[in-house]
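Below, chains carry the letters A, B, ... as their sequence lines are ordered, and counting in each starts from 1. The shown structure was predicted, so the numbers you read here are calculated from the model rather than taken from an experiment.
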2 protein chains.
Amino acid sequence: MEIRSKIWVEVDGEPVFGRGRRFLLEAIDKYGSINQAAKEINISYRKAWSYINAMEERLGIKLVERRTGGKNGGGTVLTNEARSFLEKYKKLEDGIKEIVDRRFKKIYGQ
Amino acid sequence: MEIRSKIWVEVDGEPVFGRGRRFLLEAIDKYGSINQAAKEINISYRKAWSYINAMEERLGIKLVERRTGGKNGGGTVLTNEARSFLEKYKKLEDGIKEIVDRRFKKIYGQ
DNA sequence: TTTCGTTATGCGTTTTTGTCATAACGAAGG
DNA sequence: CCTTCGTTATGACAAAAACGCATAACGAAA
């Protein structure tokens with residue numbers, strides 16, 4: 001028996017950002033490609049693409065700069081707004097899991 | 001933009017108990033009836049029934065005592081094990097939301 | 001034996017989620 | 001000029017999960 005927790009951001013009651021999308025943006029930042037990022041975190045490109053579109057629409061922020069075609073087929077880089085948003089989310093999330101785990105051990109014991 | 005959080009218990013990687021099921025058990029305790037409880041928390045009886053079955057199977061604990069037929073058509077009461085489990089979960093959950101909200105205000109607020 | 005409000009459950013429908021196939025793009029190199 | 005390559009971009013179908021309707025069974029009391 002284990003405890004799990006998650007936190008996420010909503011806009012108008014619709015989920016807009018959580019741990020999965022955090023990993024997606026971080027992977028895009030690392031690889032410069034939605035395609036590679038999706039492989040890294042084990043989701044389909046289609047899904048990654050849908051996530052990004054939904055996030056941008058709901059947040060009203062342009063998160064990525066996409067280039068299609070060209071050398072290496074193109075690519076995608078994070079905007080400064082995306083980096084800033086990501087940082088805030090990381091601050092929010094980091095440490096929560098530890099707090100929850102500690103409580104779990106204390107209450108359920110051993 | 002608002003923050004949301006949830007915690008839940010898993011067994012073998014399968015979710016087994018969370019806020020919704022907490023409310024369900026509490027409502028059963030209050031009304032002595034799965035049917036009334038389901039109405040109270042706005043889910044179908046079918047769903048409530050499925051939840052209970054899955055919980056009991058995965059936890060390996062008998063959570064409710066069901067009686068069918070008879071005066072008032074029967075009813076359902078919580079077992080002592082269920083009450084004990086519920087108490088632990090409430091201890092675990094209560095306060096987490098406040099911690100998360102405080103962080104959110106601090107990081108995103110004003 | 002009728003009534004009543006439960007529990008119990010099969011099954012078709014709807015909604016959501018996931019996956020596959022394929023087009024478009026455009027810089028670089030031949 | 002045109003082929004190549006690894007991207008981005010989407011439609012359309014498939015699979016899975018969730019939903020909820022319809023109906024049976026139950027048994028104490030009147």
* Asked: CD1 of Ile34(A) versus C1' of dT7(D): gap in Å, rounded?
  -> 9 Å

* Between C1' of dG26(C) and CG of Asn72(A), the distance in whole Å -> 12 Å

* Asked: If you check the Lys71(A) side chain, which of dA12(D), dT8(D), dA27(C) turns out closest?
  -> dA27(C)

* To do: Side chain of Arg66(A) only, please: which of dT7(D), dT6(C), dA9(D) is the nearest?
  => dA9(D)

* To do: Taking Glu56(B) for its side chain and Leu63(B) for its backbone only, find out whether a donor-acceptor pair lies under 3.5 Å.
  => yes

* Name the closest nucleotide to the Ser44(A) side chain, picking from dA9(D), dT7(D), dT19(C). => dT19(C)

* To do: Mark yes or no: Lys47(B) above the aromatic ring of Trp49(B), with NZ or CZ under 6.0 Å from the six-membered ring centre and no more than 45 degrees from the axis.
  => no

* To do: Figure out the CD1/C1' separation between Ile43(A) and dT19(C), and round it to whole Å.
  => 13 Å

* For Asn53(A) and dG11(D), give me the distance from atom CG to atom P, rounded to whole Å. => 11 Å

* Contact nearer the 5' end of DNA chain C, comparing Gly73(A) with Trp49(B) -> Trp49(B)

* Measure the distance from CD1 on Ile28(A) to P on dG6(D) and round it to the nearest whole Å. => 20 Å

* OP1 or OP2 of dT8(D) under 4.0 Å from side-chain N/O of Thr76(A) -> yes

* Can you check side chain to side chain donor-acceptor pair (under 3.5 Å) on Arg46(A) and Ser50(A), steps first, answer last? -> CA-CA 6 Å; Arg46(A) 190 69 171 79; Ser50(A) 303; 3.3 Å; yes

* Asked: Tell me: CD1 of Ile52(A) to P of dT10(D), nearest whole Å?
  -> 13 Å

* Structure fact -> Atom CG of Asn35(A) and atom P of dT19(C) are separated, to the nearest Å, by 15 Å

* Asked: To the nearest Å, how far apart are Tyr31(B) OH and dG5(C) P?
  -> 17 Å

* Nearest to the side chain of Arg46(B) - dT8(D), dC21(D), dT7(C)? -> dC21(D)

* Quiz item: cation-pi between Arg22(B) and Tyr89(B), 6.0 Å / 45° -> no

* Short question: side chain of Arg103(B), backbone of Lys91(A) - any donor-acceptor pair under 3.5 Å? -> yes

